[in-house]
Protein chains: 2
Amino acid sequence: MTEIPPRPTLEAVAARAGVSRATVSRVVNGGEGVRRPLVEKVRRAVEELGYVPNQAARSLVTRRHDAIAVVIAEPEVRVFADPFFGLQLRGISKELTARDCQLVLLLTEGRADHARVGRYLSGGHVDGALVFSLHLDDPLPELVRRAGMPTVFGGRPGWGEGTRSAVYVDSDNRGGAREAVRHLVGLGRRRIAHITGALDQTSAVDRLDGFRDVMVDVAPGLIAEGDFTPAGGERAMRLLLERHPDLDAVFAANDLTASGALRVLRAQGRRVPEDVAVVGFDDMLTVAEQTDPPLTTVRQDIEEMGRLMARLLLRHLDGRGGGPDGDGAPGVGGGPTSVVLPTTLVRRASA
Amino acid sequence: MTEIPPRPTLEAVAARAGVSRATVSRVVNGGEGVRRPLVEKVRRAVEELGYVPNQAARSLVTRRHDAIAVVIAEPEVRVFADPFFGLQLRGISKELTARDCQLVLLLTEGRADHARVGRYLSGGHVDGALVFSLHLDDPLPELVRRAGMPTVFGGRPGWGEGTRSAVYVDSDNRGGAREAVRHLVGLGRRRIAHITGALDQTSAVDRLDGFRDVMVDVAPGLIAEGDFTPAGGERAMRLLLERHPDLDAVFAANDLTASGALRVLRAQGRRVPEDVAVVGFDDMLTVAEQTDPPLTTVRQDIEEMGRLMARLLLRHLDGRGGGPDGDGAPGVGGGPTSVVLPTTLVRRASA
DNA sequence: CTGAAAGCGCTAACAA
DNA sequence: TTGTTAGCGCTTTCAG
C-alpha cells in the first residue's frame, strides 16, 4: 500500500520559506504589500512543495465559495434531448470560468428532489444560484427565496410566491411571436395555425399570446397544443390538418416542433412553403438548417442568455461583501434587474 | 438596508436545546448513541432555529465533500449539440443524487483551461472525478493522475501517460461496428462504405477497426472521414458517392452522421434502403426515429454508462477512508475495474 | 512591511 | 450516554 502523502499546508510553506503563515497567505492571495524578495521566496516554496490552498478552510473564514449552483428542473426527458440547455450552460460556463467561479449542477427529478436542493442551497456551498424554472407551479422560486440565496432565473418564472421581485433573463417571446406571425401575414397567408409549446411554461404562454396579438379573431381550432418536441409537433399538425385542411401557414412554438410539423406536411403531400408556410422559434442551427426545407424561424441568442444570467448574478455578488444573507433577491435595492433580450426573424426557405 | 441575520451555528442549537455541541453534532449526523428524549429536544431546536450545517466547516475536518467533478473537454461546438452528453450527465446525476452527492461540472475550452481544472481538482473541493476524455492527446488523464484524484473515465482514454491503469466505462464500439457491418453483409450488400467519426477519439477509431475486421480488403476509397456531426456526414457522403457511385451500403459512425448521409442520398435520388442501406450508431432516439426512413442503428445505453461511471467511482470512494490520497487510480489494488458495455443492433427501416 | 494570535463552525478522541 | 477539548487550514485584525 502506498503511503498517503499529506498535502502541504500554509504552515509547511511558511517554514520552508522562512516566513510566517500570514505572509504566505498574502502572497498566495495576490501578494499586495509584501516586499519583492519575500514574494519570490514564498513563490518558490509554493512551487517546490506543490502547495494548493484548501478551499474548505478558506471558505470557512471568508464565507465565499467562488461557486454558483445551476438548478435545472427536469421533469421530462425533453430537457437534454433539446440542445437548448446545453447552449445555455455553455454561456454560463464561459462567463463563470472567466471569473474563476465553479459551476455546480443540480438536476432535479420532480418533487422528491426539492428538499435536497433546498438543503444544498442553504448549506453554504455556493454563493448564488441560476435557476431554470420551467413550470408555472414550480416551487423552486419560493425555495431559493427562503434559502436567502441570490438568484437569477432563466426565463420568466411562473407566478408563484416570491416571484414578483425575481430577477430573470428571457427572450422577448411575445414580440418574437408577433414578428413571426406578421411575417406570415405579410406573405399573404390568412389561415394561420399555431402549435403551442408546453403551456405550463411561460415561454409557451408568451408565444401564444404573441400569436393572438396578431390573429385577434383566430378560430380556436387553429390552435393546437404541443410540448416543444418533434413528436408533439407531429401530433398537433395532424390534428390541425384534420380540423382545417385549408390552412396555409403554421407558426410552431419552437424549431423542434416545427420539424415534426414539416414531416407530417410532407407525408400528407403539402408543399412547403407553396401550400403551407412554416415558421419556427429558437433558430437552433442543428435543427433549423437541417430541415427540408430549411426553416424560417425566430432567432434568440441562447448562449448569450446564459452569459447574461451569470453576469447579472456575479455583479450582484460583487456588490455585497460575502456569502448569502437575508436579502436574496438581487432585484431589491438598486441591484441588477431583469433583462428581456430581443429576437430577430431569420428567413430561410420554409416561409 | 436589512440586517444580515447570522446563520445559527451548532453552538446556538446546543444552547437552545440545553446540551453540548457534540450531542447536537451526533443528532445531526444520524443520532446514533443519543437517548431519545435528547434527540427530540435537539431536533426541535434545529427546526426552530432553521439550522443547516456549514459544509465548509464539516469538510475541513472530515476531508469529505460529498461532491464529485464531471470534467468535459469541449473543444468543439458539437459537444452540446449532441444529446450524448446530456444523457450521460443524466445517468450520473441520478446515481449521485441517490447518494446525496453533488455534481460539479467543469467544462474546459481548450488548453488554457487545464491549469484551472488542475487547480480545482487539487484544491480539495471534490472527492473524485468523472472525466470525459475526448481526444487522444488529451492532457486530462495525466492531470488527474498528478492531482491524485480518484477518477473514472467516460470512454476509453487515449494512450497518454497515466492511462494504462485508468478505469473507464465504454461501449463495445468495435464489436458493435462489426455487428452493424455483418448485418449489411447479411443483407447481401457488397460495396459497403464507412463514414468515420472524429478520428482523434477512441470511439471513432474503435468503430473503424470493427468495420475493418469485417471488410478486410475494403477499398480505401470506401472509407471517408467524418466528425460525428450531420454536416460531416453530408460532406463524407458526397465524397463517397463521387468516388464510388456504385456503393450499396453505408455504415456511419453515429446517428447524427447517418442523418447527414441520408439527406445527401435523398438529394441525389438514391432510395434507402433499396439502393443504399444505411446503419448508424448510438440509437439516439431523437435522431434515429426521426430520420426518413427511420434508422437502423447500433444501440448503446448512454444513460446507463453514466450511472455506471458514477457507481464505480462511489464504490471506490467508499472503500477508502476520506479524501484524495496518492493512489488516484481506482484500478490499482483490487479496486473497481473498467467496464465495457455490450451493444445491440436495432432494426428499423434504413437497412 | 511582517509576525503573532484569534477564531471561522465543525467533528472526533477522550473523559467523565 | 454525554460533555470537554483539541484541532482541521486558512484569513485577518492588531501589534511591532
Side-chain angles (χ1 to χ4, degrees), chain A residues 4 6-43 45-46 49-66 119 122-125 127 321-325, chain B residues 4 6-43 45-46 49-66 119 122-125 127 321-325:
Chain A
I4 298 166
R7 287 203 174 298
T9 71
L10 253 201
E11 185 85 50
V13 179
R16 173 137 196 152
V19 298
S20 73
R21 298 209 313 264
T23 299
V24 179
S25 177
R26 290 184 189 110
V27 172
V28 169
N29 294 294
E32 295 292 292
V34 179
R35 254 196 274 273
R36 281 300 279 278
L38 272 200
V39 173
E40 296 299 325
K41 259 209 287 202
V42 171
R43 289 250 163 85
V46 165
L49 263 39
Y51 168 76
V52 181
N54 178 323
Q55 290 299 334
R58 176 177 285 179
S59 292
L60 184 55
V61 38
T62 60
R63 282 137 189 297
R64 282 214 69 134
H65 308 273
D66 294 311
R119 227 180 312 131
S122 316
H125 289 271
D127 303 318
D325 61 23
Chain B
I4 297 164
R7 287 203 173 298
T9 70
L10 255 201
E11 187 86 49
V13 179
R16 173 137 194 151
V19 298
S20 73
R21 297 208 315 264
T23 299
V24 178
S25 177
R26 289 183 190 112
V27 172
V28 169
N29 294 293
E32 296 290 294
V34 179
R35 255 197 274 273
R36 282 299 280 276
L38 271 198
V39 172
E40 296 299 325
K41 258 208 288 201
V42 172
R43 289 249 163 86
V46 165
L49 264 38
Y51 168 76
V52 181
N54 178 322
Q55 289 298 336
R58 176 179 283 179
S59 292
L60 184 55
V61 37
T62 61
R63 284 135 188 300
R64 280 213 69 131
H65 307 274
D66 294 312
R119 229 179 311 130
S122 316
H125 288 272
D127 303 318
D325 60 23

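All values reported here derive from a predicted model rather than from experimental measurement. In what follows, chains carry the letters A, B, and so on, assigned in the order in which the sequence lines appear, proteins first and then strands, with residues in each chain numbered from 1.
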Strictly distance-based, threshold 3.5 Å: is any side-chain N or O of A:Thr62 a donor or acceptor partner for the main-chain N or O of A:Arg58?
yes
In this structure, how many angstroms lie between the C1' atom of D:dG7 and the CD atom of A:Glu11, rounded?
13 Å
Counting only side-chain nitrogens and oxygens, does B:Arg63 get under 4.0 Å of the OP1 or OP2 atom of D:dG9?
yes
Output yes when a side-chain donor or acceptor of A:Ser59 lies under 3.5 Å from a complementary backbone atom of A:Gln55, and no otherwise.
yes
Angle between the two end axes of the helix from C:dC1-D:dG16 to C:dA16-D:dT1, five base pairs per end, rounded to 10 degrees?
40°
The first and last nucleotides of DNA chain C lying within contact of chain B, meaning any atom under 4.0 Å from one of its heavy atoms, run from C:dG9 to C:dA13
Show, in sequence, the C-alpha distance, side-chain angles and deciding distance for A:Val19 and A:Val24, and conclude whether the side chain to side chain contact (heavy atoms under 4.5 Å, CB included) test is met.
CA-CA 7 Å; A:Val19 298; A:Val24 179; 3.7 Å; yes
Provide, to the nearest angstrom, the distance between the CG atom belonging to A:Leu10 and the C1' atom belonging to D:dG7.
16 Å
Worked check of side chain to side chain contact (heavy atoms under 4.5 Å, CB included) between B:Thr23 and B:Val34
CA-CA 7 Å; B:Thr23 299; B:Val34 179; 4.1 Å; yes
Set out, in order, the CA-CA distance, both residues' side-chain angles and the distance that settles side chain to side chain contact (heavy atoms under 4.5 Å, CB included) for B:Arg16 and B:Leu49, then state yes or no.
CA-CA 9 Å; B:Arg16 173 137 194 151; B:Leu49 264 38; 3.4 Å; yes
Between A:Leu60 and B:Ala56, which heavy-atom pair has the shortest distance, and what is it?
N-CB, 4.0 Å
Compare every heavy atom of B:Val13 with every heavy atom of B:Val42, then report the nearest pair and how far apart it is.
O-CG1, 4.3 Å
In whole angstroms, the gap separating C1' of D:dT2 from CZ of B:Arg35 amounts to 9 Å
Using heavy atoms to find the nearest nucleotide of DNA chain C for A:Leu60 and A:Gly18 separately, return the residue whose nucleotide is more 5′.
A:Gly18
Could you state the atom-to-atom distance from CZ of A:Arg7 to P of D:dC10 in whole Å?
11 Å
Under-4.0 Å side-chain N/O to phosphate OP1/OP2 contact, B:Ser20 with D:dT4
no
Would B:Arg26 and B:Glu32 satisfy side chain to side chain contact (heavy atoms under 4.5 Å, CB included), going step by step from the backbone distance to the final call?
CA-CA 7 Å; B:Arg26 289 183 190 112; B:Glu32 296 290 294; over 6 Å; no
Quick one: A:His65 NE2 to D:dC10 C1', roughly how many Å, whole number?
14 Å
Quick check against the 3.5 Å criterion: does B:Asp127 have a side-chain atom that pairs as donor or acceptor with the backbone of B:Arg64?
no
What nucleotide, of D:dT5, D:dT12, D:dT11, holds the atom closest to the side chain of A:Arg21?
D:dT11
B:Val34 vs B:Val61, nearer the 5' end of DNA chain D by closest nucleotide
B:Val34
